[in-house]
2 protein chains.
Amino acid sequence: MKPSVVTIEPSFCKDCSIRGSSVCSALDASELRQFEHLGRRAQFAPCETVFSEEDIATSYFNVLDGVMRLYKLLPDGRRQIVGFALPGDFLGMNISGRHNFSADAIGAVAVCQFAKAPFGRFIEDRPHLLRRINELAIRELSQARDHMVLLGRRSAEEKVATFLLSWRERLIPLHGPSNTVALPMSRQDIADYLGLTIETVSRTFTKLERDGVIEIIHGGISLLDPARAEALAAA
Amino acid sequence: MKPSVVTIEPSFCKDCSIRGSSVCSALDASELRQFEHLGRRAQFAPCETVFSEEDIATSYFNVLDGVMRLYKLLPDGRRQIVGFALPGDFLGMNISGRHNFSADAIGAVAVCQFAKAPFGRFIEDRPHLLRRINELAIRELSQARDHMVLLGRRSAEEKVATFLLSWRERLIPLHGPSNTVALPMSRQDIADYLGLTIETVSRTFTKLERDGVIEIIHGGISLLDPARAEALAAA
DNA sequence: GCCCAAAATTGATCTGGGTCAACTGGCTTT
DNA sequence: AAAGCCAGTTGACCCAGATCAATTTTGGGC
């Protein structure tokens, strides 16, 4: 784990890569110029922790680049990854004043960080921004429920197939549609996301490859038979 | 499944039992009087479906009385209960325009039903209400993540102990604190909530009773040894 | 009260995925 | 290029919880 590099540099929202897909899509050009002064760019090195569960939440984060793992730990060390955050995702919403999960960078990550208080004041008289945030929360809630079904009621093979397809789906806005699916997270991360062990994930990947559904490539997979993968994921 | 009885009766928000715990807590007395005209009381008989996944969402619901099960089905019939709704809970938020889970009454249920459009217009210029709704969504999101940990990483005994404790917790605002915990839902419901089978739930209840942690009583359980239950749930 | 159906419990057995352990193959370091 | 080190894979075995199959209990209707 390398030391973190935090760069404070002038950042222009209008040039931002995630402008349009994140919370900021709710803002018009003039608001955006004010908004600019609220955010501060920050970089996180691979494996660096951005915030931890139970930490006082002092900031909101907009992911600009890279992938983060969001997880909760049980006292004995068992881990459940509750999601992966990609560019455009907005983190830090909570009601208790504390984060309710931990987040760390998988590869290098860049975020736009907003101090809680000024951000709160900015929202105060901009209900359209609040509506946008609400929209994001409701979308996440829907995803969370889908994931509950996966965790509670699906077999290992269904879990892996579903994960690969939905991950591919999430990468479309970033890389365009492709059957080559980059998997920046480790097998252990995938296991902890799907409620499996690393061995079962590995075996299931191998099985899917043997069955001609995927090809395991360096840093990801190639989806050879999307239709069959869909069938495995649906049933 | 008896036929539904829908009663449209004059209902007064100020006298409402859940006034203060639901969305409406964000409204002042004068707003409440206007709000009154938006809602319509409806009753649902035991086992009756309030709405189904993929239905066009035309209403929001405020649970007034009774308990609902919220669930998703896989094509082959496997079911995952994603939550139970109690008085004060607000249902119907979504972004797709369709419900993303099904909901049915467990016992008799009374709700306050709001047509989507007028409710949306009412929120429009009342950001404090929107903030309240956002708060509820974020709280649910946090609960959903806790439940993911349970589904993905906990043993059967831990699941059941955790469920009993958190259900007891949820009943406090309704019945006051008590070691007697009413369980209006069936064993099958509990199983589908915890990602287990009905047999495993039944066996685990029996084991907890044999161990002196709970006593199984009619329509629920009595928590004999809360400390031990906490220990089972935490580890 | 008695009857019937549904819900819950209990027992016997099976199995998907976990556990434990060994091995492989890239990378990095020197 | 040798050594060391992880991340990932594979194999052998095991067990928590699923499945299958009876009971037993509960509750509602008459």
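Basis for what follows: all heavy atoms, side chains included, without hydrogens, waters or symmetry-related copies. Lettering follows sequence order; numbering is per chain, from 1.
Remark: B:Arg170 fails to qualify as a cation-pi partner of B:Phe84 under the 6.0 Å distance and 45° angle criteria applied to the six-membered ring.
The shortest distance between the side-chain N/O atoms of B:Ser186 and the OP1/OP2 oxygens of C:dA7 is not below 4.0 Å. Of the side-chain N and O atoms in A:Arg203, none sit less than 4.0 angstrom from OP1 or OP2 of C:dG17. Look at A:His218 and you won't find any side-chain N or O under 4.0 angstrom from OP1 or OP2 of D:dG8. Look at B:Thr200 and you'll find a side-chain N or O under 4.0 angstrom from OP1 or OP2 of D:dA18. At least one side-chain nitrogen or oxygen of B:Thr206 sits closer than 4.0 Å to the OP1 or OP2 atom of C:dT10.
Using a 4.0 Å heavy-atom distance criterion, A:Ser202 is classed as a base contact. Among the protein residues, A:Gly195 comes within range of the sugar-phosphate backbone only, with heavy atoms under 4.0 Å from sugar or phosphate atoms but none that close to a base.
The existence of a salt bridge linking A:Asp189 and A:Arg79 is confirmed by a sub-4.0 Å separation between a basic side-chain nitrogen and an acidic carboxylate oxygen. The pair B:Arg78-A:Glu158 meets the salt-bridge criterion, with a side-chain N (NZ, NE, NH1 or NH2) lying under 4.0 Å from an Asp/Glu carboxylate O.
Per the geometry, CZ belonging to A:Arg78 stands 13 Å off P belonging to C:dG18, to the nearest Å. Rounded to an integer number of Å, the gap from A:Ile190 CD1 to D:dG8 C1' is 11 Å. Rounded to whole angstrom, the span from the CZ atom of B:Phe205 across to the C1' atom of D:dT24 amounts to 18 Å. Between A:Met185 atom CE and D:dA7 atom C1' there is a gap of 15 Å when expressed in whole angstrom units. Atom CG in B:Asp189 sits about 13 Å away from atom C1' in C:dA8, given to the nearest Å. Rounded to whole Å, atom C1' of C:dT9 lies 15 Å from atom CG of B:Leu208. At whole-Å resolution of the value, CD1 in B:Ile198 and P in C:dA6 are 14 Å apart. Rounded to an integer number of Å, the gap from NZ of A:Lys207 to P of C:dG16 is 11 Å.
Of all nucleotides listed (C:dA21, D:dG8, D:dT19), C:dA21 comes nearest to the side chain of A:Glu199. Checking C:dT9, D:dT9, D:dG17 against the side-chain heavy atoms of B:Ile216 singles out C:dT9 as nearest.
In this structure the side chain of A:Ile214 reaches within 4.5 angstrom of the side chain of A:Leu223, judged on heavy atoms.
Remark: aromatic rings of A:Phe51 and A:Phe101 are close, center separation under 6.0 Å.
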